[in-house]
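Some notes on the structure that comes next.
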Amino acid sequence: MNSKRTFKITQLDFTIQLDAQMINRDLLIEITGGDVPHLGSIVMYDAKTVEVTVKNFQSHHGRVHKDGMLAEKLIDQIKEFLPGNCVVTAGIHVNQISRAQIQKSFEMVHSLGDELIDWLQTTSFEYQNPMYYKNSTEIDKRGKDKCGN
């Protein structure tokens, strides 16, 4: 089982890289690329509530990064294939980016999403179920309560 995978695509003179890591049932994704990779946005998907939360960091002169739009599109594309929650960090900066490159970045991330879906569907991941106390007075196998006493 390989719980990490990197995907890359290059078009219109820039590269986008997608790094994916399964953390038990949850998926952590980093989308970076261009001339100055960074952390521009964080997008979280809660599998239980099906809620998507977006945080776009400040960039320059009162503006905010727009990388979250790419991450949101990716989550929408892959969510039915996720075994759990998902967090995507995204930060792509192409110096003096053109409109064509902006439009192409959405197509590039979609292509990477297709590759990611294929990886999720064809890889056997091993999941562990967490164990919980049945009530607050239970003692664990080491003979200690939850507070370590």
Flag, side chain of D35 to backbone of N95, donor-acceptor distance under 3.5 Å: yes
Atom pair CD/CD1 of Q121 and I78 - distance to nearest 0.5 Å: 11.5 Å
Interatomic distance, Q17 atom CD to I31 atom CD1 [nearest 0.5 angstrom]: 11.0 Å
Distance (rounded to the nearest 0.5 Å) between N85 CG and L28 CG: 12.0 Å
Side chain to side chain, T53 and Y45, heavy atoms closer than 4.5 Å: no
CD/Q128: more than 12 non-hydrogen atoms of other groups inside 6.0 Å: no
Aromatic centroids of W119 and F81 separated by under 6.0 Å: no
Shortest non-hydrogen separation from I9 to S111 and the atoms involved: CD1-CB, 3.9 Å
Heavy-atom pair with the smallest gap, counting every atom of I75 and M44: CD1-C, 4.4 Å
Heavy-atom pair of closest approach, residues I92 and T32: CG1-C, 3.8 Å
Same apolar cluster (I L V M F W Y, side chains within < 4.5 Å links), L70/I97: yes
Main-chain N/O of L18 paired with E30 side-chain donor or acceptor, under 3.5 Å: no
Rounded distance [0.5 Å steps], NZ in K79 versus CG in L74: 11.5 Å
From CA spacing to verdict: side-chain hydrogen bond (donor to acceptor under 3.5 Å, both in side chains), E126, N24: CA-CA 7 Å; E126 294 178 17; N24 201 33; over 6 Å; no
Shortest non-hydrogen contact between Q101 and Q96, atoms and distance: OE1-O, 4.3 Å
More than 12 heavy atoms of other groups within 6.0 Å of D13 CG: no
Chi angles and distances behind the side-chain hydrogen bond (donor to acceptor under 3.5 Å, both in side chains) call for H65, H38: CA-CA 10 Å; H65 289 284; H38 61 282; 3.2 Å; yes
Sub-4.5 Å side-chain heavy-atom contact between L116 and L120: yes
Expected output: side-chain S41 to main-chain N56 donor-acceptor under 3.5 Å: no
Min side-chain heavy-atom separation F57-I42 under 4.5 Å: yes
Heavy-atom check, side chain of Q21 versus side chain of L27, under 4.5 Å: no
I29 and C86: CA distance, side-chain angles, deciding distance, side-chain contact (heavy atoms from CB on, under 4.5 Å) verdict: CA-CA 8 Å; I29 300 171; C86 183; 3.8 Å; yes
Transitive ILVMFWY side-chain link I117 to F125, under 4.5 Å: yes
Point-to-point distance, once rounded to the nearest 0.5 Å, from CZ of F7 to CD1 of I16: 14.5 Å
V43 and K55, any side-chain heavy atoms less than 4.5 Å apart: no
Validation row: H110, Q77 side chains within 4.5 angstrom (heavy atoms): yes
Single-linkage hydrophobic cluster, 4.5 Å side-chain cutoff, L82 and V87 together: no
For D67 against A90, the heavy-atom pair lying closest together: CB-O, 3.4 Å
Spacing of M108 atom CE and Q11 atom CD [to the nearest 0.5 Å]: 5.5 Å
Main-chain N/O of E51 paired to T49 side chain as donor or acceptor, under 3.5 Å: yes
Least distance between heavy atoms, I102 atom then F106 atom: O-CD1, 3.4 Å
